[in-house]
Structure formats: C-alpha cells, structure tokens
Participant: 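Questions regarding the structure given below will be posed in turn.
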Amino acid sequence: MKKYVYILAVFAFIGVVAIVFKISSRTVTPQPNETIMEMNRQNLNLSPGNRIELPEPVEDGDMSLEKALTLRRSIRTYATDPLTLEQVSQLLWSAQGITQEERGFRTAPSAGATFPLEMFVVVNNVEELKKGVYHYHPHEHKLAFIRETDIGDELARAALSQSMVADGGAVFIFAAVFERTTDRYGERGRRYVYNEIGHASQNLHLQAAALELGTVVIGAYRDEEVESILQLGEEYDVLYLMPVGTL
Ligand SMILES: Cc1cc2nc3c(=O)[nH]c(=O)nc-3n(C[C@H](O)[C@H](O)[C@H](O)COP(=O)(O)O)c2cc1C
C-alpha cells in the first residue's frame with residue numbers, strides 16, 4: 001500500500017511540474033511581432049544568406065481599390081523619413097505575394113503559372129534594415145540578405161541620373177528569368193514575361209498609393225550597368241526599377 005502511495009505521489013509531482021512548465025513557457029513564448037522585432041534587432045549582425053521574417057501582409061486595408069486607382073500618380077520627390085518594414089513587406093506582397101498556397105498562385109497573374117519574376121530590394125533607408133541588396137522569397141514571405149552595400153547614387157547614375165533612385169527609402173527591382181516562361185511557350189514567352197511585369201508593377205504602384213507612399217516606374221537605365229551594380233547573377237534580367245519613398 002505504502003508503495004502505491006509513493007508511486008502516486010511521484011506521478012502527481014511530475015504532473016504539477018509539467019503544468020507549471022507549460023504555463024511558464026506559454027508566457028515567455030514571444031508573440032509573432034516580438035519575434036520579428038527581435039530578429040530585426042539582430043540584423044545589425046546579419047550575415048549574407050540570412051532570412052528576415054517580414055510582418056504579415058494586410059489583406060484588407062483601409063483604402064478602396066477605386067481610391068487607390070484615383071490617387072496613383074508617378075511621384076519623383078520624397079521626404080527623408082525611412083520606410084518601415086511593414087511597408088516594405090506590404091509592397092513586396094502586392095507585387096508577388098502568395099495568395100493561394102497549394103499551387104503557389106500570386107497577387108499578379110503568371111502565364112501558365114511559370115512565375116518568371118523575382119523581386120529584389122535595394123535598401124537605402126528602411127527602419128531596422130541595413131543598407132544593401134535583398135531578395136524576396138514569396139513562399140516564406142521573407143527577405144534574404146544578399147550583401148551590405150550603399151549603391152543608391154551609383155544606381156541613380158546608371159538610371160540616367162534620375163535622383164529618385166537614390167532618394168527613395170528602397171528601390172524595388174523587378175527581374176525576370178525568361179527561360180522559365182520561354183521553355184514552355186518559346187519566343188512568345190518573352191512577351192508574356194513583359195506582360196507579367198506590367199501586372200506586378202501596377203500592383204506595387206497601387207499598393208504604394210494605398211499606403212500614401214510615392215513611387216514611379218523606371219524603365220530608362222543602362223541595362224548592363226545596372227546589372228553589374230546589382231550583381232544579381234547571369235540568369236536575371238532587370239526589367240524595371242521602382243524607388244519608393246515617404247511623402
Ligand atoms: C514603360 C515605362 C517606363 C517609364 N520610365 C520612366 C522613367 O525612366 N522615369 C520616369 O520618371 N518615369 C518613367 N515612367 C513613368 C511615366 O513617365 C509616367 O507614367 C507618365 O508620365 C504618366 O504619369 P502618371 O504615371 O502619373 O500617370 C515610365 C512609364 C512606363 C510605362
């Protein structure tokens with residue numbers, strides 16, 4: 001009998017320890033935003049290849065689509081305030097965010113769902129991010145840090161001295177891997193890639209309007225110079241630059 005009481009006491013003790021541990025671990029588990037903020041605090045020591053978790057995109061913002069369409073304008077002069085990580089997250093999502101996990105469908109249509117577009121970001125002035133080049137990973141909704149660098153002025157010069165490229169908090173780079181689409185559609189696939197970049201960039205344009213930020217699409221730049229400054233890799237063709245800044 002004494003033996004059973006002893007075993008019971010041991011189980012009761014283990015039970016109490018388990019409950020206390022569960023409650024205390026629940027209270028110290030960071031909320032998603034705290035996790036993101038903590039990761040971003042560590043960005044100061046970010047090394048290439050690291051992935052930065054982006055804040056959840058908002059799927060039901062305050063401004064109507066009609067209002068954003070009415071407000072959309074090419075804006076080339078920005079204030080010096082930094083962009084926030086929330087704004088960068090929202091802008092990337094608008095261009096290429098995943099809206100149907102199962103098949104990887106996105107905010108912009110894609111010919112045969114071949115998804116030839118890749119988004120890169122040149123950070124000039126964004127809260128919590130180092131100046132440098134980043135690559136958007138839509139499936140994880142994360143930014144991969146490629147390298148630390150300050151290329152705003154150089155990039156502006158390659159864009160025929162359009163100073164807004166250096167003035168915006170970030171420059172969103174639309175690049176394409178043409179083969180993803182031409183492998184399926186042949187030469188016509190090239191046209192589809194250009195069509196697609198129009199969809200994605202218009203999304204970002206409207207999203208910027210809805211966030212009350214300024215942007216403009218930039219097609220006038222020296223391709224080879226821009227690609228050599230960005231060093232994205234041979235497989236990428238840069239098709240558009242969109243500086244985004246505060247107003
Ligand atoms: C393919 C294309 C390339 C463009 N390239 C540039 C550019 O390099 N620099 C610039 O300031 N604006 C550029 N723009 C923006 C146009 O100048 C702008 O859309 C036009 O003046 C109409 O103004 P809105 O966008 O405010 O309606 C470009 C627009 C398109 C569609």
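All ligand and atom numbering here is 1-based and tracks the order in the structure.
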Participant: Using a strict cut-off of 4.0 Å, indicate which atoms of ligand 1 neighbour a heavy atom of Val216.
Facilitator: 10 (C), 11 (O), 12 (N)
Participant: Who's closest to atom 9 (N) of ligand 1 heavy-atom-wise, of Met164, His205, Gln162, Gln202?
Facilitator: Gln162
Participant: At a non-hydrogen distance cut-off of under 4.0 Å, which region of Tyr240 contacts ligand 1 (side chain, backbone, both, or neither)?
Facilitator: side chain
Participant: Centres of the His135 and His137 rings: under 6.0 Å?
Facilitator: yes
Participant: Show which residues join Val122 in its hydrophobic cluster (side-chain heavy-atom contacts under 4.5 Å, direct or indirect), or state none.
Facilitator: Ile75, Tyr78, Phe120, Val133, Ile146, Ile151, Leu155, Met164, Val165, Val171, Ile173, Val177, Val216, Ile218, Tyr221, Val226, Ile229, Leu230, Leu232, Tyr236, Val238, Leu241, Leu247
Participant: When Ile, Leu, Val, Met, Phe, Trp and Tyr are grouped by side-chain heavy atoms lying under 4.5 Å apart, directly or through other members, which residues fall in the same group as Phe105?
Facilitator: Phe115
Participant: Side chain or backbone, does Gly219 bring an N or O within less than 3.5 Å of an N or O on ligand 1?
Facilitator: yes
Participant: Which residue from Leu160, Thr215, Val217 reaches closest to atom 14 (N) of ligand 1 through any of its heavy atoms?
Facilitator: Val217
Participant: Side chains of Leu85 and Leu54: closer than 4.5 Å at any heavy-atom pair?
Facilitator: yes
Participant: Would you tell me whether Glu196 and Ser110 have side-chain atoms, one donor and one acceptor, within less than 3.5 Å of each other?
Facilitator: yes
Participant: Report, in ascending order of atom number, the atoms of ligand 1 lying under 4.0 Å from any heavy atom of Arg73.
Facilitator: 24 (P), 26 (O), 27 (O)
Participant: Under 3.5 Å between some N or O of ligand 1 and some N or O of Ser74?
Facilitator: yes
